[in-house]
Number of protein chains: 2
Amino acid sequence: MATSIAELIADRMDAMPTGEKRAAQTLIANYPLIGLKTVADFSHQAGVSSPTILRFVARLGFHNYAEFQSALQDELAAQLQSPLTRTAQTPPSRGRTAQTVDATLENIHGTFQHVSDRQIRDIVTLLSNRRCGIHLVGGRFTDPIARYMAAHLTIIRPNVSHLTGQESNWRDRLIDMGKRDVLVIFDIRRYQDSLLHFAELAAKRGIHIVLVTDQWLSPIARFSRHVIAGRTAVPSAWDSSAALFVIAEILIGELTRALETESQGRIREMEALRGG
Amino acid sequence: MATSIAELIADRMDAMPTGEKRAAQTLIANYPLIGLKTVADFSHQAGVSSPTILRFVARLGFHNYAEFQSALQDELAAQLQSPLTRTAQTPPSRGRTAQTVDATLENIHGTFQHVSDRQIRDIVTLLSNRRCGIHLVGGRFTDPIARYMAAHLTIIRPNVSHLTGQESNWRDRLIDMGKRDVLVIFDIRRYQDSLLHFAELAAKRGIHIVLVTDQWLSPIARFSRHVIAGRTAVPSAWDSSAALFVIAEILIGELTRALETESQGRIREMEALRGG
DNA sequence: CCTTTTTCGTAACGTATGATACGTTTTTTA
DNA sequence: TAAAAAACGTATCATACGTTACGAAAAAGG
């Protein structure tokens, strides 16, 4: 049983006629990108005609060229998502735990490969205005992350609130939010309608929305000024929110640094109150 | 000077109109494969129209869609040809963000190098007895993780409670806990006295304690039946709880698998209630 | 060496794709 | 608030693409 298309080709290459063998060789040589181009490109590169390419693809078991390309893309997507495990692949009998941990590490790594420093900086700038209020909210499983972030932000700056309790209460809080306020939302599949409605209402009031979501992008992205997408796929019944959690920690850390001088006094004052 | 298309997008994202920004976000979130598919696929995934995608591509400086795809393919080809250099990418002048992310990855990796499968299995066995109640609690910053775990456990089994609110309330709940109950505590520096006292009281009542803490071990370890220590050091003003978060996710995942057959019916029943 | 079978390319076809013009809606500016 | 500008989507078009039929060429078998 061949797991990848490359292996599949290696298996059947011997049984192929001359022209298709040329196609197979050029595909292996330029794997897999040449297979993602057009049939004409592929055939030209291989020095054969277009129908030969199609016959080659059909011989591999695909019903048409599009199906063949989809398979290549899926394979490529899997590769791109896990560049680390590929090198350290096949200590075969790893436990489920180790596998899930690896997947989580990949998710975090992959997430931040597509998050630019600039994006972080912009969001931090937005959150560092102590005049404007910051409101945090999340979905069924992500609300604890909002809470975690709120717990930290409360310490380094004023005007931070975590929207808790019944969803109807959120709307009541809208009355206190102005155009200069920022709403930080955590939302992953399966996206909750209540959050979407709330975000829509907030957006209509001109409130800036910072959305932390998964790679499929919550519909709230439509109303958001800033969107950060984290990867969530792990071999488990649940999606992993670890990447979102790290995003929150990064934002916390950077914001703390940005407000360093101002927040020092605030922290000291707090500790005094706590100690007394 | 932007070297990659991803950077190019990050640079110009701010100056883009709403629809094109959505296109940019979905491309970054599914980078780069969505850009290699057809305009129709891309536009559908982004929730905008085809012309918006083409305008987006044009704004990036490409004369047509094919040119844009070629650029993506070239970039991808370079990546695939040197899989090793990719890890060592973004070489000397890494941002603080990247450094903190790396430290977090190290923490998680290191944490699970010292956590045995056996340990996980034992804890899962302890938590899988549906007769016994599970109570979760955490400290000032770790309580959201307890909450996160509780949100999941509530779905897959009965008798799960998150100890919320004032610390004095926790003690009142002790009266309902029996010898067969399990108390899951998250606690990192600076360890809170209130948590310690509560754990001591619980231990005296014969309640099993599962402690998730940092590598310096909370004093609660003294009363705990199981202790898992996660690494927390990052170059930031705060400690990172990401490793603890992953521990929670691992426990959730394994417990879900352990209770798979029993919890299936429960989940279905829940969705029915939710839908009705 | 001739016949049969397989393989391959030319050419033509229909569809799906990228591109564009235009009207509507939204946002910005006065 | 009204006018101007920008942005967006619908509908349409031209073409490039994948696909197929058919005949020529090559290979295999007798």
Side-chain angles (χ1 to χ4, degrees), chain A residues 5 9 12-27 32-73 179 199-209 217 219 221-225 227, chain B residues 5 9 12-27 32-73:
Chain A
I5 298 180
I9 293 172
R12 308 196 184 177
M13 182 134 59
D14 301 331
M16 285 184 187
T18 323
E20 300 181 27
K21 201 179 292 186
R22 286 247 289 284
Q25 285 161 351
T26 49
L27 176 57
L33 286 185
I34 189 67
L36 297 179
K37 295 185 189 282
T38 68
V39 175
D41 288 341
F42 193 171
S43 68
H44 183 261
Q45 177 98 5
V48 296
S49 67
S50 311
T52 300
I53 298 297
L54 296 176
R55 280 189 285 263
F56 160 69
V57 166
R59 193 181 295 268
L60 292 179
F62 299 100
H63 294 81
N64 53 34
Y65 195 68
E67 188 176 305
F68 164 71
Q69 286 191 321
S70 291
L72 279 181
Q73 287 199 351
K179 287 198 175 186
E200 190 170 4
L201 289 177
K204 277 183 183 164
R205 287 182 62 93
I207 299 168
H208 291 329
I209 295 180
L217 294 191
R222 174 187 212 89
F223 310 114
S224 304
R225 184 175 182 92
V227 177
Chain B
I5 298 181
I9 293 172
R12 308 197 183 176
M13 181 131 61
D14 304 328
M16 286 184 188
T18 322
E20 302 180 25
K21 200 179 293 183
R22 287 243 289 288
Q25 287 161 352
T26 51
L27 176 58
L33 286 185
I34 188 67
L36 296 179
K37 295 186 190 281
T38 68
V39 174
D41 287 342
F42 192 170
S43 67
H44 183 261
Q45 176 98 6
V48 297
S49 67
S50 314
T52 299
I53 297 296
L54 296 176
R55 281 189 284 262
F56 160 70
V57 167
R59 192 181 296 267
L60 291 180
F62 299 100
H63 294 81
N64 53 34
Y65 195 70
E67 188 176 307
F68 163 72
Q69 286 191 320
S70 291
L72 279 181
Q73 288 197 351

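Basis for what follows: all heavy atoms, side chains included, without hydrogens, waters or symmetry-related copies. Every chain is numbered from 1, with letters handed out A, B, ... down the list of sequences.
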Atom [atom1] of [X] to atom [atom2] of [N]: distance rounded to whole Å?
X	N	atom1	atom2	value
A:Arg22	C:dT7	CZ	C1'	13 Å
A:Lys21	C:dT7	NZ	P	11 Å
B:Phe68	C:dA19	CZ	C1'	16 Å
B:Phe62	C:dG18	CZ	C1'	16 Å
B:Asp41	C:dA16	CG	P	13 Å

Closest heavy-atom contact between [X] and [Y]?
X	Y	value
A:Gly19	A:Val48	O-CG1, 3.8 Å
A:Ser224	A:Ile209	OG-CG2, 3.5 Å
A:Ala46	A:Ala23	CB-CA, 4.1 Å
B:Gln73	A:Leu33	O-CD1, 3.4 Å
B:Gly47	B:Arg22	O-NH2, 2.9 Å
A:Gly35	A:Tyr65	O-OH, 3.4 Å

>> So if I take the C1' atoms of five pairs at each end of the helix from C:dC1-D:dG30 to C:dA30-D:dT1 and get each local axis, what angle do the two axes make, rounded to 10 degrees?
In response: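 Here the local axes at opposite ends form an angle of 40°.
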
>> Students often mix this up, so state it plainly: with edges at 30° and 60°, are the rings of A:Phe42 and A:Phe56 parallel, tilted or perpendicular?
In response: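 A:Phe42 vs A:Phe56 ring planes: perpendicular.
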
> side-chain contact (heavy atoms from CB on, under 4.5 Å) with B:Thr38: which residues, sequence neighbours excluded?
Replying inline: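 B:Ala40, B:Asp41.
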
> Could you go step by step and tell me if A:Gln45 and A:Lys37 meet the side chain to side chain donor-acceptor pair (under 3.5 Å) rule?
Replying inline: CA-CA 11 Å; A:Gln45 177 98 5; A:Lys37 295 185 189 282; over 6 Å; no

> Considering heavy-atom distances to DNA chain C, does A:Ser49 or B:His63 have its closest nucleotide positioned more toward the 5' end?
Replying inline: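 Counting from the 5' end, the first nearest nucleotide belongs to A:Ser49.
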
>> On DNA chain C, does the nearest nucleotide to A:Val48 precede the nearest nucleotide to B:Asn64 from the 5' side, or the other way round? Give the residue.
In response: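 Going by which nucleotide is closer to the 5' end, it is A:Val48.
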
> Can you give the first and last nucleotides of DNA chain D, 5' to 3', that have an atom under 4.0 Å from a heavy atom of chain B?
Replying inline: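 Range of nucleotides within reach of chain B: D:dA7 to D:dT10.
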
>> Mind checking if B:Ala66 touches a base, just sugar-phosphate, or nothing, with heavy atoms under 4.0 Å?
In response: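 Since no nucleic acid heavy atom lies under 4.0 Å of B:Ala66, the category is nothing.
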
>> Within residues 50-58 of chain B, which residues have any heavy atom lying less than 4.0 Å from an atom of DNA chain D?
In response: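 Within residues 50-58 of chain B, the residues near DNA chain D are B:Pro51, B:Thr52, B:Arg55.
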
>> For residues 45-64 of chain B, which residue pairs pass the salt bridge (charged side-chain N to carboxylate O under 4.0 Å, His left out) check, not counting sequence neighbours?
In response: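 Qualifying pairs, neighbours excluded: B:Glu20-B:Arg59.
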
> Which pairs with one or both residues in residues 62-73 of chain B pass salt bridge (charged side-chain N to carboxylate O under 4.0 Å, His left out), sequence neighbours excluded?
Replying inline: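 For residues 62-73 of chain B: none.
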
>> Heavy-atom nearest nucleotide on DNA chain D for B:Gly47 versus A:Gln69: which residue maps closer to 5'?
In response: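 Its nearest nucleotide lies further toward 5', so the answer is B:Gly47.
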
